[in-house]
Visitor: 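Encoded as structure tokens, here's the structure I'll be asking about.
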Amino acid sequence: MSELIYYDLKQVAGLAPSLSTQVAREIGRRIVSQTYEPGDLVEDEGTLADRYQVSRSVIRDAVKILVGKGLLEVRRGIGTRVRSRSSWGLLDDDVLAWYQSAPPNGDFFRQLMDIRQVFEPKAARWAAERATDEEVAQIEMAIERMEAEKGSAEDFVIADALFHRSILRAAQNEFLVAMEGVIFSALLSSIRLTNKDPRENEDSIPFHREVYEAIAARDGARAEQVMERLLADASRRLGGRLDNA
């Protein structure tokens, strides 16, 4: 379910994926979940075609997709091999989504949080300094949606993700917008890792409200500071649960 939510948040087109894309997703999930380890050879075209009940051309196209994402390499006379993680396109939307279907990985989550703590405080500062009135209103709508949500854990996570996405977009930096998948993956991963209803984290909502108020007041320094506190608090609480799991 989390993988589907991720694609919804990324506003992926509603068209049904092609057969090659579906097969690429199946193999990609196996790679990300370490069913295939780096260095392992993937089965030959005929075996994969029989497994997924598709033609060999579909398998070849699926492999090309995964080669493009850095997960596979094809060597003549050797076969198709899983590449080392250092070669993967870890910020690729599909790779981030496939992690949602893999067994929970605490190290992966901690690294996502590290990255968030690097770029989101600055995004909050720049949003305070650069956002249009309409963009500030979008941030306000998201925090109000978080505060109002009492019934659905899924809807709360979506509201939380939209809050952070609105800030990235309000920062007026296209490279930051390209990082929104990291936030979505981190939020969804945290729920799977801790098995906690995010609505129980009520202490986080005032931090979100403070970030919004600083942005609305055009106080960049304050917005950056509060976002740092918000993320440090989230990392500390969730990290403690992982250590005790």
Visitor: Looking at Glu129 and Arg218, is any side-chain nitrogen of the basic one under 4.0 Å from a carboxylate oxygen of the acidic one?
Guide: no

Visitor: Which pair of heavy atoms, one from Met146 and one from Phe156, lies closest together, and at what distance?
Guide: O-CE1, 3.5 Å

Visitor: Scan side-chain atoms only and decide if Ser166 and Glu135 contain a donor-acceptor pair under the 3.5 Å cut-off.
Guide: no

Visitor: Is the closest basic N to carboxylate O distance between Glu213 and Arg222 below 4.0 Å?
Guide: no

Visitor: Do Ile167 and Ile215 have side-chain heavy atoms sitting under 4.5 Å apart?
Guide: yes

Visitor: Once rounded to the nearest 0.5 Å, what's the spacing between atom CD1 of Ile59 and atom CD of Glu43?
Guide: 10.0 Å

Visitor: CG of Leu168 to CG of Leu176: how many Å apart, nearest 0.5 Å?
Guide: 6.0 Å

Visitor: Determine yes or no for a side-chain-to-main-chain donor-acceptor pair under 3.5 angstrom, with Ser33 supplying the side chain and Arg29 the backbone.
Guide: yes

Visitor: Just verifying a value: how many Å separate Thr80 OG1 and Leu66 CG, rounded to the nearest 0.5 Å?
Guide: 10.0 Å

Visitor: For the residue pair Asp93 and Tyr7, confirm or rule out a side-chain donor-acceptor distance under 3.5 Å.
Guide: no

Visitor: Is the backbone of Arg83 close enough, under 3.5 Å, to the side chain of Trp88 for a donor and an acceptor to pair up by distance?
Guide: yes

Visitor: Using a 3.5 Å distance criterion without hydrogens, assess whether the side chain of Ser189 forms a donor-acceptor pair with backbone atoms of Ser185.
Guide: yes

Visitor: What distance separates Ser84 OG from Glu73 CD, expressed to the nearest 0.5 Å?
Guide: 8.5 Å

Visitor: Quick check: closest heavy atoms across Leu41 and Gly79, and the distance to 0.1 Å?
Guide: CD2-C, 4.2 Å

Visitor: So if I apply the ring-ring contact (aromatic ring centres under 6.0 Å, His included) rule between Tyr99 and each of Phe109, Phe184, Phe108, which one comes out positive?
Guide: Phe108

Visitor: Kindly compute the distance separating CD1 (Ile65) from CZ (Arg25), expressed to the nearest 0.5 Å.
Guide: 9.0 Å

Visitor: Inspect the contact between Glu210 and Arg229 and indicate whether a charged nitrogen and a carboxylate oxygen are less than 4.0 angstrom apart.
Guide: yes

Visitor: Could Asp40 and Arg81 be called an ion pair, given the rule that one side-chain N must be under 4.0 Å from one carboxylate O?
Guide: no

Visitor: Measure from the side-chain N and O atoms of Glu120 to the backbone N and O of His164, and report whether any donor-acceptor pair falls under 3.5 Å.
Guide: no

Visitor: Specify the closest pair of heavy atoms between Gln117 and Ala232, including all atoms of both residues, with the distance to one decimal.
Guide: NE2-CA, 3.6 Å

Visitor: Taking Val177's backbone N and O only, do any of them form a donor-acceptor pair with Arg165's side chain (distance below 3.5 Å, no angle check)?
Guide: no

Visitor: Mind checking what makes side chain to side chain contact (heavy atoms under 4.5 Å, CB included) contact with Gln53, not counting sequence neighbours?
Guide: none

Visitor: Taking atom types as modelled and ignoring hydrogens, do the side chains of Thr47 and Asp44 form a donor-acceptor contact shorter than 3.5 angstrom?
Guide: yes

